[in-house]
Novice: 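Here's a structure for you.
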Protein chains: 2
Amino acid sequence: MAEKIKRIRRTAEEARRIILDAASQRLAALGPEGIRLQDIANDVGISHPTILHHFESREGLVLALTQRATEQLRAELFAAFAGRHARDTDMHPILDRVFDVLSRQGHARLIGWMILSGAIRQSPEQGLLRDLTDLIHPMRVEESKARGMPAPERDDTLFIVMLGAVAAFGDGLFGPMVRRAAGVTDEALTAERFRAWFAELLRSRILPAAQ
Amino acid sequence: MAEKIKRIRRTAEEARRIILDAASQRLAALGPEGIRLQDIANDVGISHPTILHHFESREGLVLALTQRATEQLRAELFAAFAGRHARDTDMHPILDRVFDVLSRQGHARLIGWMILSGAIRQSPEQGLLRDLTDLIHPMRVEESKARGMPAPERDDTLFIVMLGAVAAFGDGLFGPMVRRAAGVTDEALTAERFRAWFAELLRSRILPAAQ
DNA sequence: ACCATTATCTACAATTCTGACAGCAAGTAA
DNA sequence: TTACTTGCTGTCAGAATTGTAGATAATGGT
């Protein structure tokens with residue numbers, strides 16, 4: 001009964017988008033083995049040569065994936081920090097957002113896969129953390145001065161930022177395992193409380209409570 | 001001129017060991033795509049069916065790999081903490097050892113790959129971090145009491161331990177990327193200084209300096 | 001010296017994955 | 001309508017990978 005098949009014809013841009021969506025979803029969910037042209041094509045509802053048509057090759061797909069993922073991550077992280085002023089010292093909502101992007105949305109897993117598979121060679125977040133450091137540090141210096149305390153080194157601020165990044169990524173990928181190893185019962189609740197605790201730790205390090 | 005080839009016959013145990021060595025090395029270095037029976041066999045200098053002979057299947061190899069890796073990691077972490085007394089509060093050598101195991105020896109990458117590929121489902125470090133917490137916490141309580149300060153919550157200790165774990169794993173896998181994003185010039189030196197800084201941060205949180 | 005065991009090899013089968021190619025169909029413009 | 005572009009598909013080929021089968025040789029025990 002071979003039905004006459006209605007082909008869905010998308011714009012090239014739209015097609016690339018949904019293909020990349022499916023690919024990144026598969027990667028974050030299924031891991032290293034989850035990126036087969038056939039499977040991705042099935043998820044999207046197209047034939048696998050269509051993917052090759054849009055991305056030249058499997059490698060082209062991976063490349064486009066890494067580029068888009070890093071751009072998205074950068075945008076989301078910028079959004080998390082957008083609108084905040086230097087004096088706004090409540091790290092909790094920011095960190096919550098960052099952790100959410102990295103863990104719930106699977107970016108940490110995705111980036112992790114990219115690092116492992118070597119798909120990520122050139123600096124992806126080119127300077128993002130440096131910019132962040134340069135945003136926070138003057139505020140700390142000013143605040144310290146106002147309190148008559150010695151100004152912190154820039155490296156101290158840099159390390160705070162790096163710790164935030166490493167812990168956020170680490171939590172996104174290794175978090176569930178770590179919590180199991182810690183023998184916690186309520187995974188989600190512990191994750192949430194840990195984030196709050198960590199946010200407070202960072203805050204207190206950035207701006208110690210007035211003596 | 002087909003030379004008569006001298007076969008090297010190992011004990012089953014020894015053969016398994018060198019195969020697993022090669023496999024984990026390939027995995028940590030080349031990432032997800034680096035674990036092909038043929039390649040591993042070449043590294044070891046054997047034919048690939050030999051691997052199947054010892055591990056039944058590729059999946060069996062991966063399983064054995066995960067088991068051995070988690071056991072090794074557990075052993076190395078225990079070793080890092082062994083011989084330390086509760087009052088010994090210098091975190092630096094311990095953390096150095098932990099970071100070294102995770103980053104230089106590639107365990108973080110290995111475990112990361114396992115998490116991503118779903119090879120790690122059952123709790124691997126079963127209770128390791130809980131045990132660690134139970135080791136540190138009484139010390140903190142006692143010390144606080146001696147100083148006439150309020151005793152810390154157990155969760156605070158737990159979170160410190162979790163932060164150490166998450167940051168150590170995160171640094172092992174994402175560290176290089178984070179440092180690039182932070183725009184550091186001397187990667188190795190910054191990594192080393194960051195560890196020292198982090199160790200001091202943990203120490204000060206575990207046992208605040210006497211007022 | 002002989003035998004049993006088994007670690008190892010060569011050769012081959014089966015599956016799967018990427019990629020090539022030619023043609024079809026869905027829009028668009030003349 | 002006609003022609004043209006291009007997103008999309010079906011089919012096939014080549015390569016690579018896992019796994020099988022039978023032969024071979026190293027080792028330990030008798």
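In the text below, chain A, chain B and the rest are named by the order of the sequence lines, each starting its count at 1.
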Novice: State which residues pass side-chain hydrogen bond (donor to acceptor under 3.5 Å, both in side chains) with B:Thr133; sequence neighbours excluded, sorted by chain then number.
Specialist: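 side-chain hydrogen bond (donor to acceptor under 3.5 Å, both in side chains) list for B:Thr133, sorted by chain: empty.
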Novice: Please work out whether the ring planes of A:Trp197 and B:Phe159 are parallel, tilted or perpendicular, with thresholds of 30° and 60°.
Specialist: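 Tilted.
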Novice: So, using side chain to side chain contact (heavy atoms under 4.5 Å, CB included) as the criterion, who are the partners of B:Thr185 when residues are at least two apart?
Specialist: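 Side chain to side chain contact (heavy atoms under 4.5 Å, CB included) check on B:Thr185 returns nothing, list empty.
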Novice: Looking at residues 12-43 of chain A, who's got a heavy atom less than 4.0 Å off DNA chain C?
Specialist: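 Within this stretch, A:Ile35, A:Arg36, A:Leu37 sit under 4.0 Å of the strand.
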Novice: So which protein N/O to nucleotides 3-5 of chain D N/O distances come out below 3.5 Å?
Specialist:
none

Novice: Please give me every residue in residues 45-56 of chain A whose heavy atoms get under 4.0 Å of an atom in DNA chain C, ordered by residue number.
Specialist: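 Per residue number, the list reads A:His48, A:Pro49, A:Leu52.
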Novice: Could you note down all residue pairs passing salt bridge (charged side-chain N to carboxylate O under 4.0 Å, His left out) where residues 19-37 of chain A supplies at least one of them, sequence neighbours left out?
Specialist: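 Qualifying pairs: A:Arg17-A:Asp21, A:Asp21-A:Arg68, A:Arg26-A:Asp39, A:Arg26-A:Asp43, A:Glu33-B:Arg58, A:Arg36-A:Asp39.
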Novice: Is there any protein nitrogen or oxygen under 3.5 Å from a nitrogen or oxygen in nucleotides 22-24 of chain C, and what are the pairs?
Specialist:
{"unit_1": "C:dC24", "atom_1": "O2", "unit_2": "A:Arg7", "atom_2": "NH1", "d": "2.7"}

Novice: Who passes ring-ring contact (aromatic ring centres under 6.0 Å, His included) against A:Phe174, sequence neighbours left out?
Specialist: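 Testing A:Phe174 for ring-ring contact (aromatic ring centres under 6.0 Å, His included), a comparison that skips the adjacent residues, returns B:Phe169.
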Novice: Does OP1 or OP2 of D:dC8 have a side-chain N or O of A:Arg10 closer than 4.0 Å?
Specialist: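 Yes, A:Arg10 has a side-chain N/O under 4.0 Å of OP1/OP2 on D:dC8.
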Novice: With sequence neighbours excluded, give me every salt bridge (charged side-chain N to carboxylate O under 4.0 Å, His left out) pair touching residues 156-169 of chain B.
Specialist: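 Salt bridge (charged side-chain N to carboxylate O under 4.0 Å, His left out) check on residues 156-169 of chain B returns B:Arg140-B:Asp156, B:Asp156-B:Arg205.
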Novice: Can you list everything that forms a side-chain hydrogen bond (donor to acceptor under 3.5 Å, both in side chains) with A:Glu192? Sequence neighbours excluded, please.
Specialist: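 Checked A:Glu192 against side-chain hydrogen bond (donor to acceptor under 3.5 Å, both in side chains); zero matches.
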Novice: What is the distance, rounded to the nearest whole Å, between atom CD of B:Glu59 and atom C1' of D:dG19?
Specialist: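 Going from B:Glu59 (CD) to D:dG19 (C1'), I get 13 Å.
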Novice: Quick one: salt bridge (charged side-chain N to carboxylate O under 4.0 Å, His left out) pairs with a partner in residues 166-177 of chain B, sequence neighbours left out?
Specialist: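 Qualifying pairs: B:Asp171-B:Arg179.
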Novice: The criterion is side-chain hydrogen bond (donor to acceptor under 3.5 Å, both in side chains); which residues satisfy it with A:Ser47, sequence neighbours excluded?
Specialist: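 With neighbours one apart ignored, the set is A:Thr50.
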